[in-house]
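To find a chain, count down the sequence lines: A is the first, B the second, and so on, and within it residues start at 1.
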Amino acid sequence: MSELTITNIVKSYGHKNVLNDISFQAKEGEFLVLVGPSGCGKSTLLRSVAGLETVTSGSIRIGSKEVIGLAPKDRDIAMVFQDYALYPHKSVYENIAFGLRIRRMPEAEIDRRVQEAAGKLDLIPFLNRKPSALSGGQRQRVAIGRAIVRDPKLFLFDEPLSNLDAKLRGSMRISLAKLHKELNATSLYVTHDQVEAMTLADRIVVLDSGKIQQIGKPLELYYRPSNVFVATFIGSPGMNLIDGRLEDRGTQMYFRTHKGLLVEVPTDWHQALRAKPLTGKDLIWGLRPENFRLAQEPVDAAEKDRVFDATTVVTELLGPTSSVLVDIHGHEIYVSLPAPHRPTRGTRLKLHFKSKHFYMFDKATSLAVIAT
Amino acid sequence: MKKNWWVHGILWVACFMSVLPVLRVIAVSIRPGDRLFTTEFELIPKVTTWSNYTEVFTQTGFFSWLGNSLLITIMTAMIGVILSATAAYGISRYKFPTRSALLVLLMGTQMIPVVVLLLPLYFILRRLNLIDTYSGVIVAYSVTTLPFCIWLLKGYFDTVPRSLEEAAQVDGLTVVGSFWRVVLPLSTPSLAIAGLFSITQAWNEYIVARVILQSSEKYTWPLGLFELQGDFSSRWGLFAAASVSVSIPVMIVFLYSSKWLLTGLTVGSVKG
């Protein structure tokens, strides 16, 4: 196992940069997830690490070895593809053994390793089958088997679960997490699914438009997003954003939305906000749906500035929670309410917003104005 | 059921129409010489003889023609398949500036009848000192079958998922290695079709061979057969017997290769 160091990677087609000065490091044994929307460059980056794409400039090191310019076979990596990419003319056994055969490993060693990998992945009963006789989940396990049997320096996963159905994806996610605990192998994992990223990653690299938006542990990204993109991308349903400005009235501080709603800013944040010249600036306030709850009646006087009158627009039942789109003073906002609450359209609600974490962004730069 | 009956009826008629001439040739080949020009419509002659066959095998250069044809055909098919597979792979996998123009050009060459190419082909081969050589015929046949085979194989390679080769390269193969050990084994149906196409083209070809081959010991069987037509009389019995004999190798090739023509080999490799 080795660490992966990516420094100043740029890839451009003509004048368009698909990867823009990307630098990060995956430590030895770390499970690093690259996440971002379609077209953000995450797969291109992964494929560049694999050697299946060339980069315009920059450096990629696996361990201490610079791999730019090396063929994929000389990088000592293993990769799991989105579409499995199993060799259809070979049996499951031969699919797993193929990479070892190419390296001319002794037959006994090949057999030992294949059996071991197949055992870990519950593939023993299927070793003599062709990939066409397997289900999607089994095929994906073969693809993973083909990777782990090689014992490479680095594992690359290119959206390996995205072709599976939701239930299977859940169980494969667990299997992958277990496998990683067992192998403790440096892994780079690409996905567009933020749930996968949150659950599997030691650290997450959020990419958008070929640029790194933020790197951090899953909960860091959730609680301390560095910009609007990360704030809305991490968390489901995404963060609500309201445009407005700060009003400082001495002992109290208010956020006045562009539709005229006045919200009191918790006193904890006054000092941090006053430290920056924010008054008069166009800002964005971020409210996580899960930070709303139904207000207790009667409303506590101290809390009344953070209790809103809301009208239900749409309710989506998710089982344990309901995602409710409400109208608060002309702002459409998603709130998550626990299961017993299933307000129908037009129902009036009193919603209490309470959060330890305060998200405020500069509208001009999209960057967070205070780190909390 | 009624529809099936119609379909089967049409198929039977079509089958009968295509098999009838073959049966006639077989019938003619086993008739004694004095009954060649009978007007009776008999598929199985009342009197049969193998004398036409024995005469073809012993009195003519039949085996020499057959050998020449086999040599030329096998070489044509091999060169044709190797060149078209590599060319098609390049066209299928790599984008280069003249790619689409090249494909159209290749298609365009198929529109030109071979007769029109005869004279230029003759001059080129003469310049290369390949007139009256096997190599000359092999070169001429290979280049004329290449465009079709390239199109055929390119179409197939386009359907082989790229991720298979990428997986092979990550597993430790070079680009050429992944082509050889992953793409080609998956392409046996279309390689077989390309091979069969080259074989039938080369096996049956007459006019190019007529122009290039001049000494009779290098004749392929179509040229040899033509020798049997004398200036004053044509020996139809021999002609028929030789025709039947030369069609046997081709039929064997077809029957043998049919097992390679199974499609759907790539099913299950990637998420469909």
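A cation-pi arrangement is not found for R141(A) relative to F126(A), the charged atom failing to lie both closer than 6.0 Å to the ring centre and inside a 45° cone about the ring normal.
Counting heavy-atom neighbours within 6.0 Å of N128(A) CG, excluding the residue itself, gives a total of 12 or less.
Contact annotation for R47(A): only side-chain heavy atoms (C-beta onward) come within less than 4.5 Å of a heavy atom of chain B. Contact annotation for I77(A): both backbone and side-chain heavy atoms come within less than 4.5 Å of a heavy atom of chain B. Residue R162(B): no heavy atom, backbone or side chain, is found under 4.5 Å from chain A.
Heavy-atom pairs under 4.5 Å with chain B were tallied for P72(A), A133(A), A147(A), A143(A); the largest tally goes to P72(A).
Judged by distance alone, the side chains of T145(B) and Q201(B) never bring a donor and an acceptor atom under 3.5 Å apart.
In this structure, E94(A) does not pair ionically with K130(A), as no charged nitrogen and carboxylate oxygen lie closer than 4.0 Å.
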